[in-house]
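Throughout, protein chains are lettered first and strands after them, A, B, ... in sequence-line order, and every chain is numbered starting at 1. Computed over heavy atoms, backbone and side chain alike; hydrogens, waters and symmetry mates excluded.
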Protein chains: 2
Amino acid sequence: MSQAETKIKIIRAAEELFAVNGFHHTSLRSITAKAGVNLAAVNYHFGSKEALLEAVFDQHLLPLNEIRAGRMRGVAGQAAKNRRKPQLEEVLRSFIEPTLALMLRDAETGHFRMLVGRSLTDPDETVRRLFLDKVNAVLQQLFQLLCLALPQSSPASVAWKTHFAMGAMGHILCLQGPAAFFGAVEEDKSVDEIMEMLINFIVRGMEA
Amino acid sequence: MSQAETKIKIIRAAEELFAVNGFHHTSLRSITAKAGVNLAAVNYHFGSKEALLEAVFDQHLLPLNEIRAGRMRGVAGQAAKNRRKPQLEEVLRSFIEPTLALMLRDAETGHFRMLVGRSLTDPDETVRRLFLDKVNAVLQQLFQLLCLALPQSSPASVAWKTHFAMGAMGHILCLQGPAAFFGAVEEDKSVDEIMEMLINFIVRGMEA
DNA sequence: AGGTGTTTAAAACAACTGTTTGAAAGAGGC
DNA sequence: GCCTCTTTCAAACAGTTGTTTTAAACACCT
């Protein structure tokens, strides 16, 4: 088995187990068993359990950050060229659409969705820091753009509204399988419908 | 030392450590060390670590649930008496105000705030279930009331909007200390200002 | 083929976990 | 005083964790 194969098998297994059981609740033994590799392979290929988590993050987050940053630059550029402020909905779409497209649309990354949702508020400081460092730059970019889109709001207000928005988005990423929290009523919505509802919810909320 | 004293000292120490480090990252040894009691005291007085977590939840959640349920019944009763639908903002206030009043106002329970915020999406199924079982009834009550307040929305839509709202509220409960995420701009807001912003955000979002 | 560097394998390591034990100390009634 | 019940204590238990170690297997080049 080639080096790349083993690493990929480990990452795949780790992604699922980290997402479902959490980082700390997942043992290297369960990862390597699921991946069909030897226990020592993780430390050989990645160095440590924590470095493995970082590899899982990077695999999806690095490309996603590229896309989000690109779209946000596009929105900012268009606004600057036309000498007007960026549209609130445009700004939010440039961040949310790529995020949820990756997280919700693709069945393959369904597990990664939960991992991201929980990493925002993981009880473990290590996990939180690792994740936040990966997305900090793009979050700052989003905040700057929102300040331009909402010139009548103070930066402090925009900051809190951004927190509300992140909370709303992050929470639905955490939901397990068919989310039957309030009866079974949530199920009869498509992913796109949910995303449109979320964007609408946040736009109206931020305009307030 | 009386039995009650020891139990209270353990609960206090556990509340803080569970909130800051998470349930699984907190060892019984660190709890008993902080509380100044013997290691075996937890299992003697509570039976298990999990039962201790439940005791921490109950101490704050049982009274809080009473208050929330009472206020929501009040709103529902007034609406029924006047033969009109309940006001959306009234409904949300009856749930959010008691919650945030307990969580944010009281410095003593600042730790419990984080514990609640994280329990909603804790990676550990045990913690999540334990918490959700404690708040499930009042969440269902909230959902029913929101359906009445938003008759033009389908139950499925209301369910998702409720998820968004819970996410926004839960997320700000998780924030650590002075939340300096986007510069240091979040700090110059009082707790009441934040709560009003949050209610406003959710009301507008749900009306959409 | 032979040698070289990389990858796997099983076992052991040291540290930590929640829980249990059995004896010691304490409290309260008579 | 003594007796009984409750509470504390230090020690040990059994299990799991991430990480190392040492040797074997493999792949690849000359």
Side-chain angles (χ1 to χ4, degrees), chain A residues 1-57 115 118-119 122-131, chain B residues 1-57 115 118-119 122-131:
Chain A
M1 186 165 15
S2 74
Q3 176 183 42
E5 266 182 77
T6 305
K7 289 184 82 167
I8 288 177
K9 289 207 289 185
I10 292 175
I11 286 185
R12 274 214 218 293
E15 179 180 316
E16 175 170 347
L17 292 172
F18 284 162
V20 174
N21 303 351
F23 176 70
H24 220 78
H25 243 66
T26 304
S27 68
L28 290 182
R29 283 164 180 80
S30 68
I31 293 173
T32 51
K34 190 178 190 73
V37 302
N38 187 268
L39 167 63
V42 169
N43 281 279
Y44 175 76
H45 286 286
F46 297 92
S48 70
K49 187 186 178 185
E50 197 178 317
L52 170 59
L53 175 63
E54 187 166 5
V56 172
F57 278 147
L115 180 58
R118 285 184 184 145
S119 299
D122 198 285
D124 182 5
E125 161 85 19
T126 310
V127 177
R128 229 165 41 231
R129 274 262 66 81
L130 198 56
F131 175 75
Chain B
M1 187 163 17
S2 75
Q3 176 183 44
E5 267 182 76
T6 305
K7 290 184 81 167
I8 288 177
K9 289 207 288 185
I10 292 175
I11 286 185
R12 275 212 218 293
E15 180 180 314
E16 175 170 346
L17 292 172
F18 285 163
V20 174
N21 303 0
F23 177 69
H24 264 91
H25 246 68
T26 304
S27 68
L28 290 182
R29 282 163 180 83
S30 68
I31 293 173
T32 52
K34 189 179 191 72
V37 302
N38 188 269
L39 167 63
V42 170
N43 281 278
Y44 175 75
H45 286 286
F46 297 93
S48 70
K49 186 186 179 185
E50 197 177 317
L52 169 59
L53 176 63
E54 187 166 4
V56 172
F57 278 147
L115 180 57
R118 285 185 184 143
S119 299
D122 198 285
D124 181 7
E125 161 87 19
T126 310
V127 176
R128 230 166 38 231
R129 273 263 67 80
L130 198 56
F131 175 75

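- Residue B/Arg29 has its side chain nearest to C/dG18 when only C/dG18, C/dA12, D/dT17 are considered.
- Within the 4.0 Å cut-off from OP1 or OP2 of C/dT8, at least one side-chain nitrogen or oxygen of A/Thr6 is found.
- Checking C/dA10, D/dT8, C/dT6 against every side-chain atom of A/Asn38, the shortest atom distance belongs to C/dA10.
- Two residues are said to be in side-chain contact when any heavy atoms from C-beta on lie closer than 4.5 Å; A/Ile11 and A/Phe46 meet this criterion.
- Distance check, rounded to the nearest 0.5 Å: CZ of B/Phe23 to CG of B/Leu115 gives 10.0 Å.
- Atom pair B/Glu50:CD and C/dG18:C1' shows a separation of 12 Å (rounding to whole Å applied).
- As a whole-Å value, the separation of A/His25 NE2 from C/dT17 P is 14 Å.
- A/Leu130 approaches A/Glu50 most closely through the heavy-atom pair CD2-O, 4.0 Å.
- Look at CD on A/Glu5: it is 19 Å from P on C/dT6, rounded to the nearest Å.
- Of the listed nucleotides (C/dT20, D/dT19, D/dT6), C/dT20 has the atom at the smallest distance from the side chain of B/Asn43.
- Under 4.0 angstrom from either OP1 or OP2 of C/dT17 there lies at least one side-chain N or O belonging to B/Ser27.
- Side-chain N/O atoms of A/His45 include none lying less than 4.0 angstrom from OP1 or OP2 on C/dT6.
- Taking the centre and axis of the six-membered ring of A/Phe18, the NZ or CZ atom of A/Lys49 falls outside the cone set by 45° and 6.0 Å.
- What separates CG of B/Leu28 from C1' of C/dT19 is a distance of 9 Å, to the nearest Å.
- Using a 4.0 Å heavy-atom criterion, one finds that A/Ser30 contacts no nucleic acid atom at all.
- For the pair B/Leu39 CG and D/dA12 C1', the interatomic distance rounds to 11 Å; values are reported in whole Å.
- Checked against D/dT8, D/dT19, C/dG18, the side chain of A/Lys49 finds its nearest nucleotide in D/dT19.
- Base engagement by A/Ala40 is indicated by at least one non-hydrogen atom pair under 4.0 Å involving a base atom.
- Taken from CD in A/Glu15 to CD1 in A/Ile31, the straight-line distance is 11.5 Å, to the nearest 0.5 Å.
- Distance A/Leu17 CG to D/dT17 P: 12 Å, rounded to the nearest Å.
- Counting to the nearest Å, the P atom of C/dT7 and the CZ atom of A/Phe46 are 12 Å from each other.
- Among the atoms of the strands shown, only primed sugar atoms or phosphate atoms (P, OP1, OP2) are found under 4.0 Å from some heavy atom of A/Thr26.
- For the pair A/Asn21 CG and D/dT17 P, the computed distance is 11 Å after rounding to whole Å.
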